[in-house]
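Report on the following structure.
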Amino acid sequence: MRSVVVALLGLIVAADPAWAQAWLTVADAEGRFRLEMPVPFDLPPSQVEPDGTVTSSYVYETPDLALRFEVVDAAIDPEGDAAVLPTLVSRGWDSERMVQTWSRVVGRRTYRAIAIFPPELEGDAVIRRFMQSVRYYDGLN
């Protein structure tokens with residue numbers, strides 16, 4: 001019986017590489033976002049611009065793939081904290097790599113999910129899982 005279970009698990013992992021990858025759910029202390037990141041990922045120190053804008057990020061990198069989730073807190077909010085812009089999706093590529101970006105602006109905070117990968121990884125289960133896992137809790141979802 002155990003060999004049947006092991007064989008079935010092997011088929012599942014072979015069918016979907018995202019299952020073979022270890023993942024961790026990440027959220028902020030205020031409960032404004034949640035996402036799944038492949039493990040291991042880095043939390044580089046926050047970057048502070050001269051105007052006071054702070055960028056925090058979660059970064060997963062391999063030789064072929066970079067996944068990044070950024071939270072940017074702008075120092076100035078000309079629209080007011082209630083301004084919420086819809087999620088923007090962009091996609092571009094050159095001969096070497098593709099860049100897929102999703103971003104959402106809520107008041108002075110911008111959330112960005114970025115995937116950078118070679119064209120042969122387009123449609124990859126790991127990229128898809130990362131990009132689809134991002135959830136924002138700003139009262140509009």
Checking [X] side chain against [Y] main chain: does a donor-acceptor pair fall under 3.5 Å?
| X | Y | result |
| --- | --- | --- |
| Trp102 | Gln100 | no |
| Arg135 | Gln132 | yes |
| Arg128 | Gly123 | yes |
| Asp42 | Pro44 | no |
| Gln47 | Ser56 | no |

Considering all heavy atoms, the nearest [X]-[Y] contact:
| X | Y | value |
| --- | --- | --- |
| Trp23 | Val39 | C-CG2, 3.8 Å |
| Arg68 | Val59 | NH1-CG2, 3.3 Å |
| Glu70 | Ser57 | CG-CB, 4.0 Å |
| Ala66 | Glu61 | CB-CG, 4.1 Å |
| Asp73 | Arg109 | OD1-NE, 2.7 Å |
| Arg112 | Val72 | NH2-CG2, 3.4 Å |

Assigning hydrophobic clusters by single linkage (Ile, Leu, Val, Met, Phe, Trp, Tyr; side-chain heavy-atom cutoff under 4.5 Å), is [X] placed with [Y]?
| X | Y | answer |
| --- | --- | --- |
| Val71 | Leu43 | yes |
| Phe117 | Met131 | yes |
| Ile127 | Leu35 | yes |
| Phe130 | Tyr60 | yes |
| Ile116 | Val134 | no |

* **Pairwise side-chain contact, Arg34 with Val26, heavy-atom cut-off 4.5 Å (strictly under)** =>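 No, every pair of side-chain atoms sits at 4.5 Å or beyond.
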* Pairwise side-chain contact, Val48 with Thr55, heavy-atom cut-off 4.5 Å (strictly under) ->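 Side-chain contact under 4.5 Å: no.
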* Would you indicate whether Glu120, at its atom CD, is surrounded by more than 12 heavy atoms from other residues, nucleotides or ligands within a distance under 6.0 Å? =>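 Count over threshold, so yes.
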* In terms of side-chain geometry, is the basic nitrogen of Arg97 or Asp64 positioned less than 4.0 Å from the acidic oxygen of its partner? ->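 Not counted as a salt bridge, because no side-chain N and carboxylate O are separated by less than 4.0 Å.
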* Asked: Do Phe33 and Phe69 have ring centroids that are under 6.0 Å from one another?
  ->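 Here the rings of Phe33 and Phe69 have centres that are less than 6.0 Å from each other.
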* Nearest-0.5 Å distance, OH of residue Tyr111 to CZ of residue Arg104 ->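 Going from OH on Tyr111 over to CZ on Arg104, the span is 9.5 Å.
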* **Atom pair CE (Met98) and CG (Asp124), whose distance is rounded to the nearest 0.5 Å** =>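 These two atoms lie 12.0 Å from each other.
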